[in-house]
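Values reported hereafter were calculated over all heavy atoms of this structure, with side chains retained and with hydrogens, waters and symmetry mates removed.
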Amino acid sequence: SDRVQFLRGVRTEEIGTGAGTFRKRSSALGDIVNSSATFVAGPNATYDNLIKFGADIPFQGYGAFAETYKARTKMLYFGANDGMLHGVDAGDGKEKFAFIPGAVLAKTRSLPELTYAHATFVDATPFAADIKADEWRTLLFAPFGTGAKGLFAIDVTNPDNVTANNSVWELTSAATPELGYIVGTPLRHPVTGVPRNVGRYGAAGNWAVFLPNGYNSDYPDENGIRSATGNASLIVADLGTSAGANVATWTLGSNLHVIPTTAAGDGPHNGLSMPTGVDINGDGRIDVLYAGDLKGNLWKFEMTNPAANWTSRPIGSVQVKLLFKAVNQSGDAQAITVAPSVLRMADGKYMVIFGTGRLLTTQDKTRPPTGFPKQSLYGIIDDGGATTTRAQLFAQHIVQTTAATGTGPTAVAGSRFTDAVANQTGTYRGWRMDLDSTLAQDEGERVISNPVLLPGGAVVFSTAAPSIDACSQVGTG
């Protein structure tokens, strides 16, 4: 039909072109707002190294898989608000394929209309991982962002031959009302390059993608589905129960698990942010995941050996622990919207590193009469003890500042350096640094991107101080 051709980029039916009646577009490609391009080349997860160091049989065969596809077409994958996930050849910029997932298909009907008002569709950054489900393959996981509640997965092992049959599954709020809008991106493992929310777990060693339940789960979506609690929850999508990771039906307690957090008063209007998994004992399985939520809670999910028949609610074999509650000096809760970095320290303990702040709605840019609440940077030591408090953290201080220079495309961001951890004195369970700059350009400073660990243990944070003009996209960082 003409509508289908419009979605495919044919522009002959747009107004101003003959007898066209569809709206005039500036480009056949829809706007790209909250999705960044993800680069995927040949398989490079180095799982063969795990075999050498004693990991078990499920990693075997990866070397042959990597060799087979080492020269496959290098690709860029991104979502757009034309309803599609796009796959583009990174070499020549030509589109290999575009895919419209079922969850947003009905909404695409409005795209050609003269009365069309901007809407979001596939509005988040996809991420790719090599997994073994009957055989090795590369899956691309694409959250909808605010386009729909959930995400979908496509087999992109051979990007030159992607068809509708490469769609392996969609996971939406129809499977569980606890699922909200998933935004943010996972951290990648510094050695394997694998997203740290994808991996094997438990005694069975099944592959899974570990997801945040996202935001606004307790607000109805276009199908009227909503959570009754609005709690933060970890979603476990088990890919090891279906041949080729193709999932026709999601079943709670079987291939889909919802692990809510345990804090009293956790909901409503809460949501978990992207988790970071850790393999503690080097057996190639995720043992622990760390994640924050919109109310400033930092959670630890112990996944060492979930029972084979575990249900969709907390059970004894999945321990959920509150490591820390992020509040500023005034007692305001500090939202955690980034995936935390995790550093193994010399004594074998782990430090969970993150910054606080949110920029999800127009209200987040609106300055309260008393000013924006102060946000902070944190490093919380997971020492197995009770929940850490702000008073138990060493207060870091800025010891060197480099001013920002230039404007526009030639601008260079400023930088700040803190005391070395070695300079701390006393007994602490981590550190904090409040973003308390008094410069006007830093008002509302917050962290909305993942921290980056560097070799040697240094960590880099990028902060943002958006304009308080709700109509402006300009800010500082």
Side-chain angles (χ1 to χ4, degrees), residues 183-185 187 212 215 232 269-274 276 290-299 322-341 351-380 387-399 401 404 413-419 428-453 459-470 472-477:
V183 300
T185 56
L187 287 168
Y215 310 139
H269 314 323
N270 200 1
L272 199 71
S273 300
M274 196 64 74
T276 298
Y290 298 97
D293 67 26
L294 290 181
K295 295 196 174 181
N297 300 304
L298 177 66
W299 299 100
L322 178 62
L323 288 187
F324 177 66
K325 173 76 172 182
V327 296
N328 61 23
Q329 192 170 11
S330 300
D332 303 310
Q334 299 169 304
I336 305 169
T337 57
V338 300
S341 287
M351 177 178 288
V352 187
I353 302 169
F354 59 95
T356 67
R358 52 177 283 167
L359 188 58
L360 303 171
T361 67
T362 300
Q363 186 176 359
D364 294 333
K365 298 175 65 174
T366 304
R367 184 184 187 278
T370 56
F372 288 105
K374 298 298 183 182
Q375 304 300 328
S376 304
L377 314 178
Y378 290 104
I380 306 301
T387 301
T388 300
T389 66
R390 179 181 172 89
Q392 294 174 306
L393 303 178
F394 177 83
Q396 292 274 23
H397 298 287
I398 302 294
V399 296
T401 300
S415 58
R416 285 169 277 182
F417 298 87
T418 68
D419 285 325
Y428 297 95
R429 300 179 67 194
W431 55 266
R432 63 174 172 84
M433 191 185 83
D434 296 332
L435 300 176
D436 53 5
S437 170
T438 57
L439 297 177
Q441 68 182 27
D442 294 333
E443 185 176 15
E445 188 175 18
R446 64 200 74 181
V447 177
I448 53 175
S449 58
N450 297 340
V452 178
L453 278 174
V459 60
V460 176
F461 293 92
S462 295
T463 66
S467 168
I468 61 175
D469 179 358
S472 173
Q473 296 181 350
V474 178
T476 61

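Side-chain atoms of R390 and R432, non-hydrogen and from C-beta on, do get closer than 4.5 Å to each other. Looking only at side-chain heavy atoms (C-beta outward), T337 and L359 stay at 4.5 Å or farther from each other. Residues V338 and L187 have side chains not in contact (no heavy-atom distance under 4.5 Å, counting atoms from C-beta outward). Side-chain contact check for M351 versus W431: some heavy-atom pair is nearer than 4.5 Å. Between L323 and T388, the closest side-chain pair of non-hydrogen atoms is not below 4.5 Å. At least one side-chain heavy atom of Y215 sits under 4.5 Å from a side-chain heavy atom of S273.
A donor-acceptor pair under 3.5 Å is formed between the side chain of N450 and the backbone N or O of T185. Using modelled atom types, one side-chain atom of T387 and one backbone atom of L322 make a donor-acceptor pair closer than 3.5 Å. A donor-acceptor pair under 3.5 Å is absent between the side-chain atoms of K325 and the main chain of A333, judged by distance alone. A donor-acceptor pair under 3.5 Å is formed between the side chain of T356 and the backbone N or O of S376.
Expressed to the nearest 0.5 Å, how far CH2 of W299 lies from CD1 of I336 amounts to 10.5 Å. If you take CG on L360 and CD1 on I448, they are separated by 8.5 Å, rounding to the nearest 0.5 Å. Summarising the geometry, atom NZ belonging to K374 is positioned 6.5 Å from atom CG belonging to D436; distances are rounded to the nearest 0.5 Å.
Closest heavy-atom contact between G292 and L272: O-CD1, 3.4 Å. Scanning both residues, P451 and V459, for their nearest heavy atoms gives CB-CG2, 4.0 Å. Taking every heavy atom of both residues into account, G271 and A232 meet most closely at C-CB, 3.8 Å. Nearest approach of Y378 to A326, heavy atoms of both residues: CE1-CB, 3.9 Å. Listed here is the closest heavy atom pair of F461 and I353: CZ-CG2, 3.5 Å.
For T361, the side chain to side chain contact (heavy atoms under 4.5 Å, CB included) partners at least two apart in sequence or on another chain are R358, Q363, D364.
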- What do the steps show when you test V352 against T276 for side-chain contact (heavy atoms from CB on, under 4.5 Å), and what is the final call? CA-CA 10 Å; V352 187; T276 298; over 6 Å; no
- Task: Using the side-chain contact (heavy atoms from CB on, under 4.5 Å) rule, take V447 and L377 through it: C-alpha gap first, then chi angles, then the decisive distance, then the call.
- Result: CA-CA 8 Å; V447 177; L377 314 178; 3.4 Å; yes
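At a cut-off of 3.5 Å, with distance as the only test, no side-chain donor of Q375 or R446 sits close to an acceptor on the other residue.
Taking the six-membered ring where the residue is Trp, F324 and F354 present tilted rings, their angle falling between 30° and 60°.
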